[in-house]
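Atoms within a ligand are numbered from 1 in the order they appear, just like the ligands themselves. For the single chain, residues carry numbers from 1 onward in sequence order.
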Amino acid sequence: MRSWFEYECIDCGKRQPPEKRFYVCPECGGLLEIELDLQYISERLDREALERKPLNVWRYRQFLPIVDESKIVTLQEGGTPLYRCRRLEEKLGIAEFYVKYEGANPTGSFKDRGMTVGVTKALEFGVKTVACASTGNTSASLAAYAAKAGLKCLVILPSGKVALGKLAQAAIHGARIVAVKGNFDRALSLVRQICEKRGDIYLLNSLNPFRPQGQKTIGFEIADQLGWGVPDRLVVPMGNCANIWAIYKGFFELKEVGMIENIPRMVGIQAEGAKPIVDAVRKGIDKFIPVENPETIATAIRIGNPVNGSKAIRAIKRSGGTAESVTDEEIIEAQRELARSEGIGVEPASAAAIAGIKKLIERGEVDRDEKVVCVATGNVLKDPEEAVRVSESPLETEPEEVLKVVG
Ligand SMILES: *Cc1c(COP(=O)(O)O)cnc(C)c1O
Ligand SMILES: [Zn+2]
């Protein structure tokens, strides 16, 4: 390697120098990955110095592929709580159950971990504008980090399909928002075309190979919070599938440098109406068939043609994991249960992970003595309309009657 990190194509294996901007392999069009020189990192790794730094994404600076530290754009993302959920342990009948609450990030989702690295790269590359297509959280996060960095931000959204909280965030942070007819997959292909034509715009979509480099710190933090241990299973909802791959990669890197001993089984959850990866994994095939018109209440994973689907299949296979799908009813039930028995408020996509593991435990596919961590990807306030809809309505009453109705 000419540098301590490089692009590598996951299909043809060709490497590219990191100073250049690539989204896909220039040789074959395959997905790109950032590969670190783990030997180099391992030789320089100072664990005591690492542990003296605050728990957040940049605690793991030595694993993050940026060159110029003066350009780091941060809102102090990461360092999210890992909650032990005793009531759920009892209800689910499992030994140890934890929730990694990514809703506690600056803009309320794990996307911030990717954007701190991605927007720092945008400054290193010297662009003036960043862009994405989004089901909501990517745009909310990118808009905030672009604001912090002093960059312009362009977001393409599927018209009428973005949850209110997410739209509010992109708007208040000053992004230029373009709503287009059709679903997310359509919005993504449009923003890709724009960025191909306009060299001055940096694309920070799910295709961007630097974002998962920030997201892998979810795996780092979980191991760190468990005293450099790992759970038996790591459960995560899958949309475009960058996150499951990123977390897997995080554990993989830690194992390679000798900080942990095993990689947890990666379990990916999708919604019934958008489950191309679950179908492929369950059939044991490496190629997935895109879903034409994805539908689910969980808008963050309403994705028919996941950009990083093949990476997800790989992460699941290599870790001995599995995949499962859940209905909207199961998602809502899990969302309410987590909120009411543990005090953790999540958006529907995150609840899908809880619903999925519940199903696998009930079916006996997960042993009851396991230690399980579920990644709760986004905050309940992202989709306030849904939360109100699935909860009991307020009791309307005259002021004089209040005592009678409180029960
Ligand atoms: C983006 C997102 C997901 C899906 O993550 P992928 O990397 O696209 O698989 C799940 N939940 C929430 C809340 C998200 O914002
Ligand atoms: Zn290639």
So, is Lys111 polar-close to ligand 1, with some N/O to N/O distance under 3.5 Å? yes
Within 4.0 Å of some non-hydrogen atom of Gly378, the atoms of ligand 1 are 13 (C)
If we number the atoms of ligand 1 from 1 as shown, the ones under 4.0 Å from a heavy atom of Ala349 are 11 (N)
Ser206 N/O under 3.5 Å from ligand 1 N/O: no
Which part of Ala242 is near ligand 1, with near meaning a heavy atom under 4.0 Å away: side chain, backbone, both or neither? both
Using a strict 4.0 Å cut-off to heavy atoms of Met238, name the atoms of ligand 1 that fall inside it. 9 (O)
Taking 4.0 Å as the limit for heavy-atom contacts, which would you say applies to Asn308 with ligand 1: side chain only, backbone only, both, or neither? neither
Side chains of Glu77 and Thr74: is there a donor and an acceptor less than 3.5 Å apart? yes
Quick one: nearest non-hydrogen protein atom to atom 5 (O) of ligand 1, plus distance? Phe110 CZ, 3.5 Å
Any Trp245 heavy atom less than 4.0 Å from ligand 1: no
Under a 3.5 Å threshold, yes or no: a donor from one side chain and an acceptor from the other, between Gln225 and Lys100? yes
Would you kindly say whether Ser42 and Gln39 are connected by a side-chain donor-acceptor distance under 3.5 Å? no
Are Tyr7 and Phe210 close enough that their ring centers fall under 6.0 Å? yes
Are any of the N/O atoms on Gln215, whether in the backbone or the side chain, positioned under 3.5 angstrom from an N/O atom of ligand 1? no
Examine Tyr83 together with Tyr98 and report whether their ring centres are nearer than 6.0 Å. no
If you scan protein heavy atoms around atom 12 (C) of ligand 1, the nearest is Thr377 OG1, 3.2 Å
Any N or O of Asn243 that comes nearer than 3.5 Å to an N or O of ligand 1? yes
Cys9 SG and Cys25 SG subtending at the Zn ion (ligand 2) (10° steps): 110°
Polar side chain donor-acceptor pair, Thr80 to Arg113, under 3.5 angstrom: yes
Does an N or O anywhere in Ala300 fall below 3.5 Å from an N or O of ligand 1? no
Strictly by modelled atom types, are Glu51 and Trp228 linked by a side-chain donor-acceptor pair under 3.5 Å? yes
Can you see whether Trp4 has Arg44 sitting over its ring - NZ or CZ less than 6.0 Å from the centre and within 45° of the normal? no
Number the atoms of ligand 1 from 1 as they appear, then name those within less than 4.0 Å of a heavy atom of Glu347, with their elements. 13 (C)
Between the side chains of Gln215 and Asn243, does any donor sit under 3.5 Å from an acceptor? yes
In this structure, atom 6 (P) of ligand 1 is nearest to the protein heavy atom Cys241 N, 3.4 Å
Ser350 and Thr377: side-chain donor and acceptor closer than 3.5 Å? yes
List every atom of ligand 1 that sits less than 4.0 Å from any heavy atom of Asn240, numbering the atoms from 1 in the order shown and giving each element. 6 (P), 8 (O), 9 (O)
Are Asn137 and Lys382 close enough that a side-chain donor and a side-chain acceptor fall under 3.5 Å? yes
Could you tell me whether some N/O pair between Gly239 and ligand 1 is separated by less than 3.5 angstrom? yes
